[in-house]
Amino acid sequence: MSETEKHQFQAEIQQLLDIVIHSLYTDKEIFIRELISNAADACEKYRFLQSTGKETHESDIEPKISIATDDQAKTITITDTGVGMTREELVENLGTIAHSGSKAFLKQLKEQKETPDANLIGQFGVGFYSAFMVAEEVQVQTRSYQADKPGHSWTSTGQGSYEIDNAPDISRGTRILVKLKDDDKEFSEAAKVEAIIKRYSNFVPFPIELNGELTNKVSAIWARSKNEIKEEEYKEFYEFIGHDHEAPLGRLHFSADAPLAIQSLLFIPSKNIENMGMGRSDNEVNLYCRKVLIEPKAKKLFPDWLRFLKGVVDSEDLPLNISRESMQDSSLMQKLNKVITTRFLKYLDELSKKDADQFNKIYDEYQRFLKEGVISDFTHRDALGKLLRFETSTLDKGQKTSLTEYVARMKEEQKEIFFVFAPTRETAESSPYYEAFQSKGFEVLFVYDPWDEMVMENLARFEEKTITAAERAEIKIDSPDDQSALSAEEVEDLGKWMKENLGESIDQVKASERLVDSPAVVVDADKTMTANMRRLMKALNQESGPTKYDLEINPRHEVIKRLHATKTADEDLAKAVTAQLFDNARMAAGVVDDPRELVTRLNSLLEKVLAEKK
Ligand code: ADP
Ligand code: MG
């Protein structure tokens, strides 16, 4: 007696089905992810029912998922020993698109006031139909966990109708046989299918066997509570997802419920590959929803400057069945990004207090990224500012301070945060720009990274204090009355003469109130620039306008005093000395491009000095 019954899909259902098949998903391969997710849900429901003491058919069979490929017959079969379906459920769940049996299951639990701690993936009721992207025909055989319900089969080509028949003698669970279209026969190749399972479904919490072999050996530890995970498990997990055998420098494992449900496990690799000249790194953080991969290396998950991270972000709030493109513009992604980035910065800040050594290791390796963040990411600028570390005049070489510590040490009369940019500690300490600060006992940060000046420029303020380059600071030494210093008139007279001789590149020559040991210093006439910034712009081939300097001279310095006298006594010598003073000052500022003229002049000055000794 044939029990075959033919059912028509309703017209609008057929339309919806066409959308699923032709445009919802970008990659055909995700049909495997969807069928495995359904199988996992069926296993999870079974486990849940069993745990609540329900009688189940064939209770000795453990929930698991088995996949078989046959490249001769061009089929792939996904079998699970989960809850299965009754005839009514078959019609309801597979005959009605956009009806999720899983969602209904949870709803029913809630209505019965049972705690729904069954962790189900499905909720949209479209995943199953993704099989029709690649299928000529799909055959489902299923038998419910309820002992008195017989099995059934369901068959459809995804066009117009499906058929239901009896299949009384099968075991509990569901078997889905996909007969592949000729164009899609690659999904019947074991190697191809294995790669897809590993990619999307590796962390599904039930064993997945492919042609008899277990494929998912590493478990989703991010979803477990921190204190029950052994170091060894973290190590194994990191090696698996990070493809890295060196222990990571840092690890953040956290979960949050609000504003979004997130479980995340992030690692800082031991090596910054961008330092090794390997080009730009790509974040290797995969985005999951309930342990199923949604987007590998999810681009929008972090700001660009966190591209060195590896790990996993799992959020239940993500729509699993929405294709990736639409995923990326979603405001949900932005929210996730903000929450995780904020949390990660908090982790670094806490680490810097709890384990400064470890933090410093991370800082040494990844400081460029944090600085890139200060420059490019307004949202997190203040939090990033707290993480910056610099050498400073009050600490020994090699030791670094945070801005927070610097501010705490500031003298009462000091209103701003100062820094000197120099290539080394030694040049910073002997820099003419540093003299006045040293004499006043003001702390000055020594920054050596050409980026730092831009970083300071963008940070601009820290804890309400303005950050200022020493060379642009308005600072005066508390000058002791020096009777022998040049008078204001003498300085003006000398300054005029010097400017005439130095020509175009000088805006004005004036008395300096900041110099102690140096005769002269150059300051960019455009107060928004520093020498280093000009150099950077030049290196980037950017026009920074004609360079004009103010030359500040020290009226207390022997060279300046003598120069004033010499300009009438020996004008040629005075001219050479003036040119040399200007070059020396430019050299101290690090802006001499071509030293040849300087060296020739210096040699002739030396000759003159020696000649006079004769
Ligand atoms: P979703 O998973 O979002 O609910 P699907 O279209 O993937 O939507 O599946 C529809 C419904 O079919 C599921 O909710 C479930 O009730 C049922 N179903 C699908 N696959 C299985 C299976 N392997 N075992 C038991 N029920 C299944
Ligand atoms: Mg599903």
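Counting starts at 1 for both ligands and their atoms, following the listed order.
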Mode of Leu35 contact toward ligand 1 - side chain, backbone, both, neither (heavy atoms, under 4.0 Å): neither
State if Glu34 counts as touching ligand 1 under the rule of any non-hydrogen atom under 4.0 Å. no
Please enumerate all residues that pass salt bridge (charged side-chain N to carboxylate O under 4.0 Å, His left out) together with Asp282, with sequence neighbours excluded. Lys299
Metal proximity, Asn38 vs the Mg ion (ligand 2), N/O/S cut-off 2.8 Å: yes
Output for pair (Leu459 CG, Lys386 NZ), nearest 0.5 Å, gives 12.5 Å
Check Glu89 against ligand 1 and report side chain, backbone, both or neither, counting heavy atoms closer than 4.0 Å. neither
Any carboxylate oxygen within less than 4.0 angstrom of a Lys/Arg side-chain nitrogen, looking at Arg199 and Glu29? yes
For residues Phe237 and Phe203, establish whether the separation of their ring centroids is below 6.0 Å. yes
Within-cut-off N or O pair, Tyr129 and ligand 1, under 3.5 Å: no
Is Glu350 salt-bridged to Lys354, cutoff N-O under 4.0 Å? no
Would you say ligand 1 has an N or O under 3.5 Å from any N or O of Asp41? no
Looking only at N/O atoms, are Gly84 and ligand 1 under 3.5 Å apart anywhere? no
Please could you name the atoms of ligand 1 that Leu94 approaches to less than 4.0 Å, counting only its heavy atoms? 12 (O)
Taking only Lys NZ, Arg NE, NH1 and NH2, and the carboxylate oxygens of Asp or Glu, determine whether Arg87 and Glu5 approach each other closer than 4.0 Å. yes
Determine all donor-acceptor pairs shorter than 3.5 Å in which one atom belongs to a side chain in residues 147-156; sequence neighbours excluded.
residue, atom, partner, partner atom, Å
His152, NE2, Asn166, OD1, 3.4
Ser156, OG, Gly158, N, 2.9
Ser156, OG, Ser161, O, 2.9

Taking N or O atoms only and a 3.5 Å limit, does Gly127 qualify as a polar contact for ligand 1? yes
